Amino acid sequence: MATMDHPDPGPGKLRPPRDSGTLTLKDLLDLIESALAALPDLPLEPAALRDALALERTRDPAHGDFATNVALRLAKPARRKPRDLATAIVAALPASDIIERTEVAGPGFINFHLSPHAYAGELARVLEEGPRYGAVPASGEPDRHEPTVVEFVSANPTGPLHVGHGRQAALGDALAALLQSQGHAVQREYYYNDAGVQIHNLALAVQARVRGLKPGDTGWPENAYAGEYIQELAADFMAGKKEHTQDGGEVRASADVDDLDGIRRFAVACLRNEQDLDLQKFGVKFDVYYLESSLYADGKVEATVNGLVASGKTFEQDGALWLRTTDYGDDKDRVVRKSDGTYTYFVPDVAYHVTKWERGFHRAINVQGTDHHGTVARVRAGLQALDMGIPAQYPDYVLHNMVKVMRGGEEVKISKRAGSYVTVRDLVDWVGRDAVRFFLVMRQPNSEFTFDVDLARSRSEENPVYYVQYAHARVSSVFRQLRDKGMTHAREVGARNLHRLTAPHERALLRRITQYPEVLTTAARLLEPHQLAHYLTELASEFHTYYNAHTFLVDDAELRSARLNLVTATRQVIANGLGILGVSAPETM
RNA sequence: GCGCCCGUAGCUCAGUUGGAUAGAGCAUCGGAUUUCUACUCCGAGGGUCGCAGGUUCGAAUCCUGCCGGGCGCACCA
């Protein structure tokens, strides 16, 4: 599972929401529902019938386009044999021009073979809606528009972004786009830990470097950052450089060794700017940077502590204030206020999530590394203790594993302590933004990922990004050829002649294209962008197969236009899907 | 030790939240090009779904136990 404890979709969610998916999918569901309602002797409530109704894509084309197992699910409560029930349901199906034929198969499945008419309708929709195809229109079920905040990256401004942050950036941005495609109002947010110990350690490290110390020397501060970039910061600081800040101001390095506060402000401004450059290069843009320091300034931290104390769930022990988080499923109680009077980081963390809720985001998704999964129970427990009506499973988490980088058959070590590690910028420089983006979202987040730099660089079919992008470029190439040959493509002519696309390759491609809206819905519901990446490679594969087996630019103008409609739709879906993943769709390779 | 996650073809991984004969790419082997880009395509072999039980019409999928690996178990963040 890539996600933890996201809300149970509940019974009935097996059926896709009404306002998503293809038109034909919704029509089919309606037809089956009517059939069930028409069966006289089913001793079942309508709600139970709805819950049992699931429609799924068939794996084997011989089984048609869609199949349902309602008869299998209802057989027992109805006290009837599955196949008999299935036969009765089929007999009760209203006539429809989207169904070519229906059959009862296996233990009691009902298979639906769609008519060419159904496909023609869906293909027309792709061409008509263009870049919007697959996205849910802005009028549907209210819960689908629930304002959602997606928090990701949230790296401390204490060094460059490494590959793990890259995975988070790629994942978080794709997730946000996926949710937007489903009609949610999404905010991309970056939580900035600018008030903690880490920043202090950063300042100490720069100061030590300014004094000429190196990691390991006597006098080198404990927990100070060892990276090369610290030395650069120290040099810039002593050179009296100016650095602009995010709020439009400017920080000038004082070049004063004892000016620890000045060192801190200068270093943070520099590193923050570096991170922004990385993210910009990666094509990720945040709507909001939420500063930890503002939580203190606005009294949110204090208010949270007061709220926790008021809850009666706190206690004093060994001079510290504790919260009984074990009451809410945590494995041990947590310190809120240390015996030295300062708060643990857990407090601003809870305060931050309170603001998410109070800002109207009743759905929150946090993208984090699995190494931080211990915080999940804590934050939720803190929110529960406040008793603000926040659901127990708030927020959702998408946890991702670490990334190994292989280059030239060897692992490139990632070690912040050692001071050398692969940064997002390194990767983008080596293989390009598109490859980094695609690679980092093409696998399930929750397993270790090995980034093969050589594969990502290769211009061959082995490289999945290249393979998908090439399919897109290839369609564009076909249209260049069309012009060169002085041929024409008329969409209306093509639309009228879609019945001529009868080759197995064409049927397969049609099937795949029209599946796209369902893929988006599923990927968004499960918070799994890799499903989209996987789909795109399959779509590209089917396109390449088709391309190789058939010439599109034939003399027969009707067939030609029909085929060009099909490949235009293919290109559109590839472009739309890549767009959600933050990958470009080039006209030429 | 406790908690969370992972274990599917030689390798990298999918598997539509319990369905039909477990799929794809790479690698291996065998084929295809006077062609809209061979930057491609077609075919073949390859499996104890970590192991053992359980749940049921039906399990890679859900439950229990074990084996192996990752991560986490601070008055650090």
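Lettering follows sequence order; numbering is per chain, from 1. Fair warning: this is a prediction, and the values are worked out from it, not measured in the lab.
Once the 5.5 Å centre distance and the 30° plane angle are applied, the aromatic ring of A:Phe109 is found not to be stacked with the base of B:G19.
Put simply, the side chain of A:Asn111 and the base of B:A20 share a donor and an acceptor less than 3.5 Å apart.
Taken from CZ in A:Phe438 to CG in A:Leu532, the straight-line distance is 8.0 Å, to the nearest 0.5 Å. With rounding to the nearest 0.5 Å, the separation of CD in A:Glu518 from CZ in A:Arg525 is 11.5 Å.
Counting non-hydrogen atoms under 4.0 angstrom, A:Asp318 reaches a base of the nucleic acid. Backbone-only contact: A:Gln531 has heavy atoms under 4.0 Å from sugar-phosphate atoms and none from a base. Residue-level contact check: A:Ala105 touches the bases, meaning some heavy atom is under 4.0 Å from a base atom.
Cation-pi contact between A:Arg272 and A:Tyr192: present, with separation from the ring centre below 6.0 Å and deviation from the ring axis of at most 45°.
Against RNA chain B, the stretch residues 553-563 of chain A makes heavy-atom approaches under 4.0 Å through A:Leu553.
Here the side chain of A:His544 pairs a donor or acceptor atom with the backbone of A:Tyr467 at under 3.5 angstrom.
Side-chain contact between A:Thr370 and A:His400 is absent, with no heavy-atom pair separated by less than 4.5 Å.
Within the structure, every side-chain polar atom (N or O) of A:Gln198 is placed at least 4.0 Å from both OP1 and OP2 of B:C76.
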